[in-house]
Amino acid sequence: MLVELDAPLAPLTTLRLGGPARRLVTATTDAEVVETVRKADETGEPLLVIGGGSNLVIGDAGFEGTVLRIATTGFELDGTVLELAAGEVWAEAVARTVDAGLAGIEFLAGIPGSAGATPVQNVGAYGQEVATGITEVVAYDRRAGETVTLANADCAFSYRHSRFKADPDRYVVLRVRFRLEDAGGLSTPVRYAEVAKALGVGQDERIGLRKAYETVLGLRAGKGMVLDPADHDTWSAGSFFTNPVLTAGQYADFRGRLGERTAPAYPAPDGCTKTSAAWLIDQAGFGKGYGSGPATLSTKHTLALTNRGAASTEDLLALAREIRDGVRAAFGVELVNEPVMVGVSL
């Protein structure tokens, strides 16, 4: 277990933003993770848990407490059952399942971050989300002071949400277990129109597993969503805003503001409708590359706010607020940030 004082946090995030931690602990075993959390809780020390840093916006003042960086490793595959340690690099884990000929998370290729973060956010992309494949999450329950195993049904998964996100100070994820599928070298059914179009197949068709994986990697790279230190379009937290889910009344108001335009619309639970945050941002006048300062929209994707190399967190937040307010003024829709905010807010 490595302990550092006044340690910079920006290099540990994909945005490369944020001030220092008073104390940074890097844990490489589950026991070290639990020990660090217990000590912080016993002493009342503020605690921030990070993995790959791909979904974090840390304030310029940093964090006045202990930052626990989970760097545990473990990839165990038994038939179609996969167990990942929380610190495993997610993109690498997905690649290994494809190498093993197993479907279930192939459309989540290239997503940065750690395996332990995926159930928290219910990470999803291109018609697939981890909630579909997760069977159990092993976590340290800070309230009970013990390690617990939560079945899928106990995780309260919903769109980009979970029990862990709803109660962020209670659970620290240690391990994630999945049930994958041996489909004879084929993918799970294609659910996303953009992927189907790129492949020239119909939705709900299965395709070669490797082809599905490589196609998604290509689509993500074309949007600056695959990490590349030399490409500032990838100095981001991925999609900065979630796709809005509108009630029937909100959707009726939204449609009344569209005029001759037709916005993307997808059925959502409880009679709601989901629309596209990227479409809203673009139609509100914030195109790719928008911004003249050190933080701008990606030149490849309007949903990604990027650090062009010399930005501060406040630069990024100023841009986020401008976009949020512009979309609200144009369409009456409130955009909600997807990354976790530490010491700051919109």
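Quantities reported herein were computed from a predicted structural model and do not represent experimental measurements.
For the pair D204 and R191, the salt-bridge criterion is met [side-chain N within less than 4.0 Å of a carboxylate O]. With respect to R257 and D253, a salt bridge is recorded, a charged nitrogen being found less than 4.0 Å from a carboxylate O. Taking a cutoff of 4.0 Å between a charged side-chain nitrogen and a carboxylate oxygen, R69 and E4 do not qualify as a salt bridge. A salt bridge between R175 and D30 is present, with a side-chain N of the basic residue lying under 4.0 Å from a carboxylate O of the acidic one. Ion pairing of E35 with K39 is present here, as a side-chain N (NZ or NE/NH1/NH2) and a carboxylate O approach within less than 4.0 Å. Ionic pairing of R321 and E314 is present here: one or more N-O contacts between side-chain nitrogen and carboxylate oxygen are shorter than 4.0 angstrom. By the 4.0 Å N-to-carboxylate-O rule, D99 lies close enough to R210 to be salt-bridged with it. The residues D41 and R38 are annotated as not salt-bridged, no charged nitrogen and carboxylate oxygen being separated by less than 4.0 angstrom.
In this structure, the side chains of F157 and P119 come closer than 4.5 Å at one or more pairs of heavy atoms. Side-chain atoms of L15 and L56, non-hydrogen and from C-beta on, never get closer than 4.5 Å to each other. Taking 4.5 Å as the limit, every side-chain heavy atom of R163 sits out of range of all side-chain heavy atoms of V137. Put simply, the side chain of L12 reaches to within 4.5 Å of the side chain of L24, judged on heavy atoms. With a 4.5 Å cut-off on side-chain heavy atoms, T73 and E88 count as touching. The shortest distance between side-chain heavy atoms of N122 and H161 does not fall below 4.5 Å. Side-chain contact between F286 and L319 is absent, with no heavy atoms from C-beta onward closer than 4.5 Å. Residues T118 and L108 form no side-chain contact, since every pair of their non-hydrogen atoms from C-beta on lies 4.5 Å or further apart.
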task = Give the C-alpha distance, both sets of side-chain angles, the deciding distance and a yes or no for side-chain contact (heavy atoms from CB on, under 4.5 Å) between L305 and L297.
result = CA-CA 5 Å; L305 277 66; L297 284 180; 3.7 Å; yes
request  = Verify side-chain contact (heavy atoms from CB on, under 4.5 Å) between Y251 and C272, making sure each step is shown before the conclusion.
outcome  = CA-CA 8 Å; Y251 184 59; C272 294; over 6 Å; no
inquiry  = Between D231 and K300, does the side-chain contact (heavy atoms from CB on, under 4.5 Å) criterion hold? Intermediate values first, please.
reply    = CA-CA 11 Å; D231 182 359; K300 301 180 180 74; 3.0 Å; yes
key: Working for side-chain contact (heavy atoms from CB on, under 4.5 Å), residues K274 and Y159   = CA-CA 10 Å; K274 182 167 67 175; Y159 174 64; 3.8 Å; yes
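At least one donor-acceptor pair closer than 3.5 Å links the side chain of R206 to the backbone N or O of S187. Side-chain atoms of S239 do not come within 3.5 Å of backbone N or O of F241 as any donor-acceptor pair. Using a distance-only test at 3.5 Å, with no hydrogens or angles considered, a donor-acceptor pair links the side chain of R220 to the main chain of M225. Side-chain atoms of S54 do not come within 3.5 Å of backbone N or O of T14 as any donor-acceptor pair. Panel note: side chain T275, backbone P264; a donor-acceptor pair is recorded below 3.5 Å. A donor-acceptor distance shorter than 3.5 angstrom exists from the side chain of T72 to the backbone of G87, with no hydrogens or angles considered.
Using cut-offs of 30° and 60° on the angle between ring planes, the pair W235 and H232 is tilted. Using the six-membered ring where Trp is involved, W90 and F178 have ring planes that are tilted, between 30° and 60° apart. Relative orientation of the W279 and F331 rings is tilted, given thresholds of 30° and 60° on the angle between their planes.
When all heavy atoms of L335 and A277 are compared, the closest pair comes out as CD2-CB, 4.0 Å. Contact record, T80 with R179: OG1-NH1, 3.2 Å, taken as the closest heavy-atom pair. Closest non-hydrogen pair, Q128 versus T188, comes out as NE2-OG1, 3.1 Å. Taking both residues in full, the closest heavy atoms of I111 and A125 are given as CD1-CB, 4.1 Å, listed atom of the first, atom of the second, then distance. The nearest pair of heavy atoms linking L317 to S345 is CD1-O, 4.3 Å. Here the closest heavy-atom approach between residue G285 and residue Y290 is recorded as O-CD1, 4.1 Å.
In this structure, E129 CD and I134 CD1 are separated by 9.5 Å, a value rounded to the nearest 0.5 Å. Atom OG1 of T247 sits about 12.5 Å away from atom CZ of F254, to the nearest 0.5 Å.
The hydrophobic cluster containing V120 does not contain V49, counting ILVMFWY residues as joined when their side-chain heavy atoms lie under 4.5 angstrom apart, directly or transitively. If you chain together hydrophobic residues whose side chains sit under 4.5 Å apart, V201 and V195 fall into the same group. With hydrophobic clusters built from ILVMFWY side chains whose heavy atoms lie under 4.5 angstrom apart, L102 does not share a cluster with V81. At a threshold of 4.5 Å between side-chain heavy atoms, the hydrophobic network of Ile, Leu, Val, Met, Phe, Trp and Tyr places V130 and Y171 in one connected group. Transitive grouping of hydrophobic side chains (ILVMFWY, heavy atoms separated by less than 4.5 Å) brings V176 and V148 into a common cluster.
By the 6.0 Å contact criterion, NZ on K288 is open, its count of non-hydrogen atoms from other residues, nucleotides or ligands being 12 or less. Around atom NZ of K211, no more than 12 heavy atoms belonging to other residues, nucleotides or ligands sit under 6.0 Å away. Other residues, nucleotides and ligands place no more than 12 heavy atoms under 6.0 Å from the CZ atom of R255.
No side-chain donor from either of T135 and R177 sits under 3.5 Å from a side-chain acceptor of the other. Using modelled atom types, one finds no donor on one side chain facing an acceptor on the other under 3.5 Å when comparing E106 with T97. For the residue pair T299 and D233, a side-chain donor N or O sits within less than 3.5 Å of a side-chain acceptor on the partner.
Between V57 and the options L316, L17, V342, L346, a side-chain contact (heavy atoms from CB on, under 4.5 Å) holds for only L316.
Ring centroids of F107 and Y126 are separated by 6.0 Å or more, keeping the two rings apart.
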